[in-house]
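Take a look at the structure below.
A note on names: the letters A, B, ... follow the listed sequences, proteins ahead of strands, and every chain is numbered from 1.
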There are 2 protein chains.
Amino acid sequence: MQVRSPAEIQMTTEINEREQTLLKMLIESYVRDGQPVGSQKLARDSRLNLSPATVRNIMGDLEALGLVSSPHTSAGRIPTDKGYRLFVDSLLTVQSLDNDEVQRLKQEIDTDESVEVLIERVSSLLSGVTHMAGVVVAPRREHQVLRHIELLPLSDQRILVILVMDKQEVQNRIIRTAHAYTPSELQQVANYLNASLGGADLQTVRKRLLADMRETRSKLDRLMQRALDMAESVFAETAAQDDCVIAGQTNLMEFSELSDIDRLRSLFDAFNSKQQILHVLDQCLGSPGVQIFIGQESGYEPLNNCSLVTASYGVNNRAIGVLGVIGPTRMAYDRVISIVDATARLFSAVLNQRH
Amino acid sequence: MQVRSPAEIQMTTEINEREQTLLKMLIESYVRDGQPVGSQKLARDSRLNLSPATVRNIMGDLEALGLVSSPHTSAGRIPTDKGYRLFVDSLLTVQSLDNDEVQRLKQEIDTDESVEVLIERVSSLLSGVTHMAGVVVAPRREHQVLRHIELLPLSDQRILVILVMDKQEVQNRIIRTAHAYTPSELQQVANYLNASLGGADLQTVRKRLLADMRETRSKLDRLMQRALDMAESVFAETAAQDDCVIAGQTNLMEFSELSDIDRLRSLFDAFNSKQQILHVLDQCLGSPGVQIFIGQESGYEPLNNCSLVTASYGVNNRAIGVLGVIGPTRMAYDRVISIVDATARLFSAVLNQRH
DNA sequence: TCTAGCACTCGGATATCTCGAGTGCTAATT
DNA sequence: AATTAGCACTCGAGATATCCGAGTGCTAGA
């Protein structure tokens with residue numbers, strides 16, 4: 001399993017082995033208990049035979065490096081975002097999930113449902129297993145292959161367009177036309193479009209259409225002309241749509257560090273609007289392996305005390321979407337990473353097998 | 001505009017005019033400020049020229065009747081659920097929305113979008129205008145008319161069934177069949193089903209199919225036999241599905257009476273699972289006018305400190321769905337009632353005009 | 001370089017106090 | 001009989017004080 005930092009984040013800080021050990025213990029302890037960790041506890045647990053005083057000195061150094069901080073003078077230390085980052089990048093040992101757990105996940109994912117439903121399911125699954133919020137970005141539509149197109153008259157000048165995509169997904173659009181078509185005209189238009197466009201992905205379809213229109217506008221008979229007009233209005237809005245399913249938001253209410261109601265609210269509102277989240281997640285698309293954003297790194301304010309662990313999924317080794325988990329920075333990264341990684345693999349496998 | 005209580009809730013408590021006036025003022029004041037109302041304030045505001053002492057006596061009576069209560073000895077009074085109920089049933093004066101506001105709502109609702117999108121929009125609208133949570137129960141599928149059916153082969157033994165309903169709604173199902181069909185066979189099956197079933201609502205379709213199968217099973221040729229088998233598996237799952245869109249949940253975070261994080265959480269979880277909420281809302285379907293559930297009346301625990309103001313909407317004077325608002329019991333009922341009522345009417349109008 | 005020792009800090013828990021809004025009761029007033 | 005004034009009382013909110021102990025930083029000695 002491969003874990004990558006977002007490209008722009010570079011860790012230059014170097015610390016020696018003893019400091020590493022202590023930082024690691026500190027983070028593990030803090031993640032477990034949620035309490036600032038004091039020098040005494042750390043000295044005792046670390047098995048390094050150091051006195052609390054020595055540990056304190058080291059903590060002083062780590063604090064100077066910006067890896068830990070103390071909430072106030074007489075409390076222990078807690079990791080900073082930078083501390084988590086170092087931890088995740090070089091201290092963390094991720095053990096893969098044991099086989100039982102993988103099987104359990106597989107069972108949940110490998111069902112017969114439509115992709116749409118499956119996405120919801122995976123999202124809930126992630127949320128359920130991690131007790132945080134699960135998120136799945138739906139496959140980017142542009143890259144999907146168009147299998148078939150149907151046109152049905154609804155009323156004069158209104159046509160229901162049904163696009164059957166690859167992998168059992170179906171999209172419906174309603175378009176208005178300047179002219180009223182007879183059912184048989186519609187059938188002809190559909191036939192033409194199916195013949196000339198089926199099997200290409202939406203982006204390609206769109207380009208090809210525009211080209212056709214430019215080149216042959218004058219030569220076409222009226223019907224084909226109309227077909228192209230119509231198709232253009234269908235595919236016009238195709239680009240922007242992709243969607244993002246978030247499940248288990250309420251899990252986040254359990255984390256004391258998020259329970260300030262205003263922060264929580266802004267987070268939930270962010271989930272609802274999704275736009276920004278999508279943008280953050282988009283950055284993960286394409287890069288292989290598990291990606292992690294910690295706290296501020298996402299550059300998106302409502303996610304400030306949160307981390308984002310994601311992995312892309314896809315078919316034929318081409319990433320088509322991203323899934324992951326959103327939770328407080330203070331999360332059990334090792335576990336979450338394994339889960340997200342496994343889920344992405346399993347989900348890809350299911351999509352692949354549906355071919 | 002008509003406001004109805006759920007049938008089972010009967011108000012028998014009789015109070016005299018002066019008590020009514022005071023209760024009304026108390027509720028209005030409490031709804032406005034969220035503070036328990038004391039005798040002095042009430043005496044001053046009421047213009048009844050009563051001394052605080054008198055008001056206190058009256059409050060004592062109202063408390064004995066269970067209409068108000070005091071959070072503790074030395075605080076003012078707040079309304080109980082029963083108090084709100086009496087208020088809503090006989091004290092409330094709802095003024096209709098002024099024309100500007102109706103126009104604004106109308107503009108938001110009367111768009112060209114598909115019913116699905118429109119439902120989301122109406123839900124957000126309700127949430128936005130009232131600053132509470134908006135909820136719309138999607139039209140019950142059983143009553144919808146089937147216009148057209150399409151069958152498309154996905155792979156061997158997997159068929160995508162597209163049901164085009166009335167009013168631009170489309171449902172997709174994937175079914176597995178025992179046998180692999182050729183495209184032309186599928187076309188024939190679709191033709192047969194369209195001919196014999198188009199125009200009926202799903203419930204009827206289902207009944208008719210079962211009847212057909214019993215009566216003529218032996219007489220049919222193999223193809224038709226298969227058509228029926230297939231159709232049966234499509235319509236089998238038709239009954240249960242209806243859905244419910246809730247928007248603006250986070251608005252509820254603003255209300256101090258709900259801000260206890262556990263209560264809030266159980267409420268949000270309830271929104272997510274929706275099942276129970278749907279059940280409560282189902283009770284509203286069919287009854288004309290605006291319906292109000294206050295606090296415990298819904299019989300559903302997570303809604304305890306909440307009220308529900310709903311109205312049904314429909315086409316041709318037949319209710320097909322319910323919309324409304326969920327907020328704290330302490331809400332501005334007059335305003336909310338007008339808004340819900342107006343929205344339901346406007347929504348119905350839009351649906352009707354789409355014929 | 002590490003550690004023991006020590007004075008110091010600060011947050012959290014708990015107790016105490018004060019203030020004032022509001023009550024209920026009683027007795028006087030209308 | 002209904003209303004009101006008067007008064008003692010209650011109780012919560014907020015401010016203030018106190019204590020405790022975990023944890024720190026620093027210094028000097030091992």
For Met59(A) and for Val55(B), locate the closest nucleotide of DNA chain D by heavy-atom distance; then report the residue assigned to the nucleotide nearer the 5' terminus.
->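 Of the two residues, Val55(B) wins.
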
Report the residue (Asn57(A) or Lys41(A)) whose heavy-atom-nearest nucleotide on DNA chain D is the more 5′ of the two.
->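 Its nearest nucleotide being more 5', the pick is Lys41(A).
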
When you check the side-chain N and O atoms of Ser127(A) and Ser124(A), is any donor under 3.5 Å from an acceptor?
->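 Absent: no donor and acceptor within the cut-off.
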
Figure out the [atom1]/[atom2] separation between [X] and [N], and round it to whole Å.
| X | N | atom1 | atom2 | value |
| --- | --- | --- | --- | --- |
| Asn49(A) | dC2(C) | CG | C1' | 12 Å |
| Ile58(A) | dC2(C) | CD1 | C1' | 10 Å |
| Asp61(B) | dA2(D) | CG | P | 11 Å |
| Gln40(A) | dC6(C) | CD | P | 16 Å |
| Leu42(A) | dT24(D) | CG | C1' | 14 Å |
| Asn16(B) | dA1(D) | CG | P | 18 Å |
| Leu22(B) | dT3(D) | CG | P | 11 Å |

Side chain proximity check, Asp262(A) to Glu254(B), heavy atoms < 4.5 angstrom =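 In short, these two side chains do not touch, never coming nearer than 4.5 Å.
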
Under 4.5 Å between any side-chain heavy atoms of Ile326(B) and Met132(B), yes or no?
->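 They are not in contact (no side-chain heavy atoms under 4.5 Å apart), so the answer is no.
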
If every non-hydrogen atom of Leu267(B) is compared with every non-hydrogen atom of Cys306(B), which pair is closest and at what distance?
->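 Leu267(B) and Cys306(B) have their closest heavy atoms at CD2-SG, 3.9 Å.
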
Is the phosphate of [N], meaning OP1 or OP2, less than 4.0 Å from a side-chain N or O of [X]?
| X | N | result |
| --- | --- | --- |
| Arg77(B) | dG24(C) | yes |
| Thr54(B) | dT4(D) | yes |
| Arg56(B) | dG6(D) | no |

Describe the nucleic acid contact of Arg18(A) in one word from base, sugar-phosphate, nothing, applying a heavy-atom distance below 4.0 Å.
->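 Sugar-phosphate contact only - Arg18(A) comes under 4.0 Å of backbone atoms but never of a base.
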
Answer with base, sugar-phosphate or nothing: what part of the nucleic acid does Ala75(B) contact at a heavy-atom distance below 4.0 Å?
->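 It contacts sugar-phosphate atoms only.
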
Report yes or no: does Gln249(B) contribute a side-chain atom to a donor-acceptor pair with the main-chain N or O of Ala133(B) at less than 3.5 Å?
->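 Not at all, since once roles are kept as given, no pair shorter than 3.5 Å links the two residues.
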
Passes salt bridge (Lys or Arg N to Asp or Glu O under 4.0 Å), Asp269(B) versus Arg265(B)? Steps please.
-> CA-CA 6 Å; Asp269(B) 281 340; Arg265(B) 184 182 171 156; 3.3 Å; yes

Pairs: protein N or O with nucleotides 9-12 of chain D N or O, under 3.5 Å:
residue: dT10(D); atom: O2; partner: Ser74(B); partner atom: OG; Å: 3.4
residue: dC11(D); atom: O2; partner: Ser74(B); partner atom: OG; Å: 2.9

For the residue pair Tyr333(B) and Phe87(B), categorise the inter-ring angle as parallel (less than 30°), tilted (30 to 60°) or perpendicular (more than 60°).
->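 Taking Phe87(B) first and then Tyr333(B), their aromatic rings stand perpendicular (interplane angle over 60°).
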
